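A short write-up of the structure that comes next.
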Amino acid sequence: MIEAHIVNARNKHLYHREFEEFLRRRHEYYAVANRWVPISDDGLELDPFDTPQATYILGMLGDRVVTSARLMPTTVPNLVSEEFPHMCENIGLPCSQDWADWTRTYVLPEYRGVGATGILGQMFCAVMEYCLDEGISHTGGVLQQFLLKRWLDLGWKVIPAGLPRVLSGDWCLVAYVEVTEKALQSGRLHASVSRPLLVRQGAQLPFITPAKRPVAEAVS
Amino acid sequence: MSAQDISVFEYIERVESHGSIDDLLDDLLRVVGDFGFHHMIYTGLPVGNNPIDPLVKSNRFPQEWWDLYVEQDYARNDAVCQQVYSTVAPFVWSEAQPQFTARDGAVAIAGKAAEHGLVDGYVVPVFSRDEWLSAISFGGPEKLDLSPRDRGALNLLAIYTSSAIERRQQRQPVRATLSDREREVLLWTSAGKSCWEVSVILGVSEQTIRYHTASIRHKLNASNTVHAVARALQRGEINLGQLAESLGDMT
């Protein structure tokens with residue numbers, strides 16, 4: 001089972017090696033092997049949304065980063081708002097403190113297995129656990145169509161922001177998952193995750209600025 | 001958004017609320033009726049020489065046609081079915097690629113389907129919850145001219161519906177699962193080992209292995225070892241990685 005380390009602007013220095021390894025492996029896969037993104041001089045794969053507002057979840061097995069995800073508030077420029085706002089015709093472009101843009105879901109090729117019980121299922125549970133902890137109500141973004149079924153199969157309620165379209169040859173859509181305790185439980189059940197996965201080290205940065213946190217969350 | 005788009009998103013909102021799978025399918029067929037479809041099927045795809053029938057999850061194809069399809073084992077040469085093995089991209093039946101429509105009997109199968117009210121259709125390959133290659137296919141009496149938006153809408157309908165069907169079906173009582181020992185025996189036999197060889201490898205009597213293989217077939221409702229392997233894969237009892245490992249000495 002992975003340990004899902006929460007990495008953000010405050011504790012990034014504790015994860016220098018892991019973070020760089022993660023960016024290097026992404027670069028090898030996306031830029032060098034598949035040519036989906038340009039090859040960079042430093043061998044690291046970064047995009048315009050790798051900003052101090054981003055929170056990373058690094059899934060570790062021992063000292064290896066085997067999976068990752070990135071969450072951003074939808075109130076700052078994000079992949080959906082900058083590149084795919086036209087794909088949100090059903091619900092409009094999300095822009096709210098408690099709606100998180102979820103990108104860069106990645107599993108090292110050698111850890112991609114079959115079945116819901118794999119590393120990807122564990123990362124999905126880690127994202128849901130983090131979102132519940134932080135008072136996020138919905139998380140999602142652009143995803144390939146086949147991943148939508150993986151989310152639904154976990155028993156998650158998923159809101160399609162718009163209709164799927166073909167992006168670079170693949171059917172993709174923008175969709176958001178409702179964050180609930182029930183979703184975490186059913187996700188854990190189907191992914192065979194028996195315990196919390198999150199690990200927090202060093203100073204933490206709340207995803208939602210406390211003053212702006214919805215009242216209901218503060219009370220509960 | 002068009003009225004058609006709105007009806008698609010409204011269907012998705014109520015997809016978890018139907019009283020039964022039949023109600024869900026009635027509702028789905030009403031929505032896809034706007035796109036020209038009267039029928040649908042959700043099924044797993046068979047491996048090897050296995051029949052398709054046991055893999056069907058929900059079926060609203062004309063009964064006579066489906067009986068014929070199963071009886072004649074059309075899945076083996078049906079261009080639509082065969083193309084699903086090679087692509088996860090959804091496609092219109094009449095746009096199936098030449099290498100599949102050129103198969104022996106493929107044109108005749110399409111002709112027979114048309115006689116049963118399935119002139120054209122749209123198929124969305126999906127992986128079932130247990131990672132089995134499956135497809136949801138919509139059929140209708142007219143040749144189709146689907147826009148990219150129509151196709152996106154149908155993809156969405158197919159994905160939400162297939163997941164809802166599977167989750168409902170899985171709420172039914174859990175079937176017997178294989179023990180670790182049975183899994184081990186199945187993997188060895190799938191690698192071509194005889195009962196005697198497996199008994200030597202595992203250091204038990206040949207009779208014990210025979211007992212295990214009988215129990216495996218019974219639990220998986222399988223008629224022979226190939227069938228048992230296929231069903232064990234389908235149910236997620238074993239996975240392709242384990243199978244590849246057990247076949248390692250043969251490659």
Side-chain angles (χ1 to χ4, degrees), chain A residues 84 86-92 109-121 124 140 142-178 180 182-183 185-187 189-192, chain B residues 1-2 4-17 42 87-91 124-134 136 147-168 170-171 233-244:
Chain A
F84 305 106
H86 54 286
M87 287 177 70
C88 302
E89 72 271 27
N90 182 34
I91 60 167
E110 59 267 40
Y111 287 90
R112 287 175 201 170
V114 291
T117 52
I119 298 289
L120 184 62
F124 287 170
V142 190
L143 68 154
Q144 288 182 323
Q145 202 173 262
F146 79 91
L147 279 175
L148 170 63
K149 186 158 187 303
R150 296 291 298 263
W151 283 1
L152 291 168
D153 287 348
L154 291 176
W156 288 4
K157 190 164 185 320
V158 186
I159 304 168
L163 292 179
R165 294 173 190 231
V166 177
L167 300 177
S168 330
D170 288 319
W171 281 98
C172 297
L173 77 158
V174 176
Y176 295 88
V177 181
E178 277 186 20
T180 60
K182 200 175 146 212
Q185 295 312 328
S186 71
L189 187 67
H190 297 302
S192 298
Chain B
M1 282 201 305
S2 68
Q4 192 169 289
D5 292 349
I6 291 168
S7 91
V8 169
F9 289 118
E10 284 178 349
Y11 168 82
I12 285 163
E13 271 182 44
R14 60 180 184 263
V15 80
E16 302 295 329
S17 65
Y42 178 35
T87 176
V88 290
F91 62 95
V124 184
V126 293
F127 284 95
S128 67
R129 215 176 186 199
D130 46 15
E131 296 283 312
W132 188 259
L133 178 62
S134 306
I136 189 159
S147 69
R149 283 190 73 78
D150 291 342
R151 290 169 196 238
L154 289 163
N155 296 350
L156 214 49
L157 291 168
I159 290 168
Y160 274 87
T161 304
S162 57
S163 180
I165 290 171
E166 281 178 76
R167 279 176 288 118
R168 277 167 181 269
Q170 230 156 42
R171 271 181 226 150
L233 278 170
Q234 178 199 0
R235 286 197 192 175
E237 291 271 6
I238 56 174
N239 64 45
L240 290 172
Q242 293 171 318
L243 193 57

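Note on naming: letters A, B, ... go to the chains in the order of the sequence lines (proteins, then strands), and numbering restarts at 1 for each one. These numbers come from the heavy atoms of this one structure, side chains and all, not from hydrogens, waters or symmetry mates. Quantities reported herein were computed from a predicted structural model and do not represent experimental measurements.
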>> Give me the atom names and distance for the closest heavy-atom approach of A:Gln145 to B:Pro90.
In response: NE2-CG, 4.1 Å
> What distance do B:Ile6 atom CD1 and A:Glu89 atom CD have between them, rounded to the nearest 0.5 Å?
Replying inline: 11.0 Å
> Which atom pair, heavy atoms only, marks the closest approach of B:Gly152 to A:Leu163?
Replying inline: C-CD2, 4.5 Å
> So what's closer than 4.5 Å to chain A heavy atoms on B:Phe127: side chain, backbone, both or neither?
Replying inline: backbone
>> So, taking the atom named NE2 in A:His190 and the one named CD in B:Gln170, what distance separates them when rounded to the nearest 0.5 Å?
In response: 7.0 Å
> If you measure from CZ on B:Arg129 to CG on A:Asp153, what distance do you get to the nearest 0.5 Å?
Replying inline: 5.5 Å
>> Measuring only between side-chain heavy atoms, which start at C-beta, is B:Glu16 closer than 4.5 Å to A:Lys157?
In response: no
> Which atom names give the shortest non-hydrogen contact between A:Trp171 and B:Pro148, and what distance separates them?
Replying inline: CH2-O, 3.7 Å
> At their closest point, which heavy atom of A:Gly162 faces which heavy atom of B:Leu156, and how far apart are they?
Replying inline: O-CD2, 4.0 Å
> Measuring heavy-atom distances to chain B, does A:Ile159 have an atom under 4.5 Å in its side chain, in its backbone, in both, or in neither?
Replying inline: backbone
>> Using the side-chain contact (heavy atoms from CB on, under 4.5 Å) criterion, which residues pair with B:Asp150? Sequence neighbours excluded.
In response: B:Gln4, B:Phe35, B:Leu146, B:Ser147
> For B:Ile159, is it the side chain, the backbone, both, or neither that has a heavy atom closer than 4.5 Å to a heavy atom of chain A?
Replying inline: both
> Between OG of B:Ser163 and CG of A:Leu148, what distance do you get to the nearest 0.5 Å?
Replying inline: 8.0 Å
> Under the 3.5 angstrom rule, does the side chain of B:Tyr160 hit a backbone N or O of A:Val158 as a donor-acceptor pair?
Replying inline: yes
